[in-house]
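Heads up: the structure comes next, in structure tokens.
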Amino acid sequence: MYCVPSATATQKTTRVCSSSSSKMRLNPALTNATNLLFKNSCPFSPLLFPRHSSTNLLVTGLSYDTNETVLRDAFEQHGELIEVKVICDHVTGKSKGYGFVRFTTETSAATGRKEMHKKIIDGRRIRVCYAHKQA
């Protein structure tokens, strides 16, 4: 696949991308907006639509020894929690490396997300982003 600039007197400059059989035009403004949108988001964000307010957080990068008590202790200093869930393997009972934290308010969830993102819990650097329902 290759991209070359293309412009006419009546249209803005776009890139024409061509693979072996098809050509498509990419709008640079749309491409830049998409790159900015997903630049600092959660690793799962390209698969999900971004959402800027929620009370439910997805926590990834957990140690396999992390349990709900450890996660609750780490997050409850940022607000009142409704639920903490570490997803575990049904055979071994060990953590699969991710979990969910639900706060009572959106502001406490935003604070928890901001303060806990890239912090170390049980020797692992965690990543925190808003959780979204799968369709």
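- By the side-chain hydrogen bond (donor to acceptor under 3.5 Å, both in side chains) test, Ser108 is found to be paired with Thr105, residues two or more places apart in sequence or in another chain being considered.
- Residues satisfying the side-chain contact (heavy atoms from CB on, under 4.5 Å) criterion with Ala74, sequence neighbours excluded, are Met116, Ile121.
- For the side chain to side chain contact (heavy atoms under 4.5 Å, CB included) with Phe100, the lone residue among Ile87, Leu57, Val59, Val84 that qualifies is Ile87.
- With a 4.5 Å cut-off on side-chain heavy atoms, Val101 and Leu81 count as touching.
- Residues forming a side-chain hydrogen bond (donor to acceptor under 3.5 Å, both in side chains) with Thr69 (at least two apart in sequence, or on another chain): none.
- Take Tyr64 and apply the side-chain contact (heavy atoms from CB on, under 4.5 Å) test, not counting sequence neighbours, and it matches no residue.
- The list of side-chain hydrogen bond (donor to acceptor under 3.5 Å, both in side chains) pairs with a residue in residues 78-88, not counting sequence neighbours, is empty.
- Side-chain atoms of Leu58 and Val128, non-hydrogen and from C-beta on, never get closer than 4.5 Å to each other.
- Put simply, the side chain of Arg125 gets close to the backbone of Lys118: a donor and an acceptor are under 3.5 Å apart.
- Heavy-atom minimum distance, Ala109 versus Phe103: CA-CD1, 3.5 Å.
- Judged as a salt bridge (charged side-chain N to carboxylate O under 4.0 Å, His left out), and not counting sequence neighbours, the contacts of Lys94 are Asp65.
- Judged by distance alone, with hydrogens and angles left aside, the side-chain atoms of Thr111 form a donor-acceptor pair with the main-chain N or O of Thr107 at under 3.5 Å.
- The shortest heavy-atom contact between Ser95 and Leu62 is OG-CB, 4.4 Å.
- Inter-residue side-chain proximity for Thr55 and Ile82 is flagged as unmet; no heavy-atom pair is nearer than 4.5 Å.
- To the nearest 0.5 Å, atom CD of residue Glu76 and atom CG of residue Leu71 are 10.5 Å apart.
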